[in-house]
**Student:** 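Supplied in structure tokens, the structure appears directly below.
Just so it is clear, the model here is predicted, and its values are computed rather than measured.
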Amino acid sequence: MLRNISYIYSSNLINGLLGLIAVPIGLHQLGVTNYGLFAIYLIFVTYNQFLELGMNKNLSRHLAQAENIGEQVTHLRTAITIFVLLSLILLVLSPLIIYVTANYIFPVPKSAYWTLKVIVLLGIIDYLLSIPTNIIKANCAAQEKFKHYAQFSLWSGIFKYTLTISAFFLFKPVYWIVLFILSYRLIDLLLAKYLTIKLPAQSWRLNFNLKQIKSMFEQTALLSGIQISQTIMLTIGSVITNYFFGLATLGVYQAAFNIASKLWFFSNGIGLVIFPRFSKLIQQPESKRQAFLDTLKLTLRVSWLGYLLLAGIVIFCASFFLKLFHIQQENIHQLLIILFVAIAINAHSDIAYNYLQASKIYWISFFLIIATTIFLALTSLYLKPALGVMAIGWAWLLSQFLYALVADSFVTKWDIGSVIWKSLATFCIVLIIKNLAINILISYLLLGAIVAWFFIALYSYRYCLVEAWLK
């Protein structure tokens, strides 16, 4: 299992670094306003990714639990049939989606209106082209063939970011940039053919068994609904920023968010590996399942501390990174620091989130995310008059702190001691943020301690996650 995690981490690390380099290049070549337009495409693609993640997680769980090849083929054929039907519905609804997005979700100046409509259309095409490779990736994850999965992800990411960076230099209109980047989906089809495991024979044939379609669709719809609600939570800050502050400020906010979100490199790698394993472990006898839960509780405690310490290290490196890439906007630096902590806590919560989904506790996940989203939006609006766009950063931090506490409580039950020490640990990191510019000497002394604590936490985390129950 450790080998599987290392495969995914290696791939994610390289792609994360390429994505990190792409942000400042995009800012310099496009300017903050056009980067704001480009960010809307990225947000739209994020919705697509989380929509298919709901589909793929359900398919991955079915394939992991299947007892023979015949069952796997049935699940694959049923899933492919659902994908085809949803694609047809999406094509029919695309004019409405484009209109609503351009007029209500992301209203833009008239000069950018036509460009935005083209970008949304290209985002829909991006999703349709991604379906075959997403099915193949779901099968790889279910079979725990993470070496193949990582190879595909690595080369797919290299081609994607190479095209992205090249497009920033080659084109000025944002829609040409997006169209150029979109060609990587065609490359993905070739990569999937040669780098991943083949699906069982006859898997691509449609299955018109209405009972099987209905059963899988009901589960998939709920999972996709949860994923979409999570995407709304992740992107509501962008919607509020564009609506109240305009495209230029959206470009600033999204640049900070895109950089800070690279912390998900850690949680995405673990989440991909543990979900199919959770699905199997939950079906074990009571004694084994209880031992698994006891170790999972310890893992969550170490994870919280580890991600906070990771955020602390990244915060100290942020100034160097921004100077290296000549990012001068002070508000990007301030937003980055806050978002690093918020996203670190969100990354920690991914363990509990995967546990809830593997346990089929869907409605709790759904309502928890919806409540967090509402809290995030209301807090942003309440703080906006006093803090401006920084209000969204602080709202993110507060909402993710509460979200993680509640999500963990469904795994560990309610533990007041755990709540207190998690609150104190988070408060200490926030205190470092507030005093970072006041006393830089103390901050660098703290850095040494943070680095030491982080490696201790990493070792403990490895023991909890790998040695104890993922062997």
**Student:** With sequence neighbours excluded, tell me which residues meet side-chain contact (heavy atoms from CB on, under 4.5 Å) with Leu93.
**Tutor:**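 Scan of Leu93 (side-chain contact (heavy atoms from CB on, under 4.5 Å), adjacent residues dropped) gives Ile89, Ile97.
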**Student:** Considering residues at least two apart in sequence or located in another chain, which fulfil the ring pair (Phe, Tyr, Trp, His ring centres under 6.0 Å) criterion with Phe245?
**Tutor:**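 For Phe245, no residue satisfies ring pair (Phe, Tyr, Trp, His ring centres under 6.0 Å) once neighbours in sequence are set aside.
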**Student:** Write out all pairs satisfying side chain to side chain donor-acceptor pair (under 3.5 Å) with one or both partners inside residues 102-115, taking only residues at least two apart or from two chains.
**Tutor:** Asn103-Tyr113
**Student:** Side chains of Leu179 and Leu122, heavy atoms from C-beta outward: is any pair under 4.5 Å?
**Tutor:** yes
**Student:** Among pairs that include at least one residue of residues 398-407, which meet side chain to side chain donor-acceptor pair (under 3.5 Å), considering only residues two or more places apart or in two chains?
**Tutor:**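 As it turns out, the side chain to side chain donor-acceptor pair (under 3.5 Å) pairs with a partner in residues 398-407, which skip direct neighbours, are Asn346-Gln400.
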**Student:** Which atom pairs, one a donor and one an acceptor, fall under 3.5 Å between side chains of residues 376-393 and the rest of the protein, sequence neighbours left out?
**Tutor:**
from: Thr379; atom 1: OG1; to: Phe375; atom 2: O; distance (Å): 2.7
from: Ser380; atom 1: OG; to: Leu376; atom 2: O; distance (Å): 2.8

**Student:** Among residues at least two apart in sequence or on other chains, which ones pass side-chain contact (heavy atoms from CB on, under 4.5 Å) with Ala192?
**Tutor:** Thr133, Ile136, Phe152, Thr196
**Student:** Check whether any side-chain heavy atom of Ile187 sits under 4.5 Å from a side-chain heavy atom of Leu163, and report yes or no.
**Tutor:**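 A side-chain contact exists here, since the closest heavy-atom pair is under 4.5 Å.
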**Student:** Phe180: which residues meet the ring pair (Phe, Tyr, Trp, His ring centres under 6.0 Å) condition with it, sequence neighbours left out?
**Tutor:** Phe171
**Student:** Pair up each side-chain donor or acceptor in residues 30-39 with any protein partner under 3.5 Å, not counting sequence neighbours, and list the distances.
**Tutor:**
from: Tyr35; atom 1: OH; to: Asn258; atom 2: ND2; distance (Å): 3.0

**Student:** Do the non-hydrogen side-chain atoms of Trp396 and Ile338 ever get within less than 4.5 Å of each other?
**Tutor:** no
**Student:** Who are the side-chain contact (heavy atoms from CB on, under 4.5 Å) partners of Gln29, not counting sequence neighbours?
**Tutor:**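 Per chain and number, Gln29 pairs via side-chain contact (heavy atoms from CB on, under 4.5 Å) with Ile25, Phe168, Phe169, Lys172.
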**Student:** Do you know which two heavy atoms are closest between Asn15 and Gly157, and how far apart they sit?
**Tutor:**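 Minimum heavy-atom separation between Asn15 and Gly157: OD1-CA, 3.1 Å.
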**Student:** Could you work out, with side-chain contact (heavy atoms from CB on, under 4.5 Å) as the rule, every residue matching Ser94, not counting sequence neighbours?
**Tutor:** Ile124
**Student:** Taking the side chain as everything from C-beta on, heavy atoms only, tell me whether Ile177 gets closer than 4.5 Å to Tyr41.
**Tutor:** no
**Student:** Checking Asn242 now: which residues fulfil side chain to side chain donor-acceptor pair (under 3.5 Å) with it, not counting sequence neighbours?
**Tutor:**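 For Asn242, no residue satisfies side chain to side chain donor-acceptor pair (under 3.5 Å) once neighbours in sequence are set aside.
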**Student:** If every non-hydrogen atom of Leu335 is compared with every non-hydrogen atom of Ala256, which pair is closest and at what distance?
**Tutor:** CB-CB, 3.9 Å
**Student:** Would you say Tyr161 and Ile14 make side-chain contact, with heavy atoms under 4.5 Å?
**Tutor:** no
**Student:** Do Leu234 and Ile43 come within less than 4.5 Å of each other through their side chains, counting heavy atoms only?
**Tutor:**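 They are not in side-chain contact.
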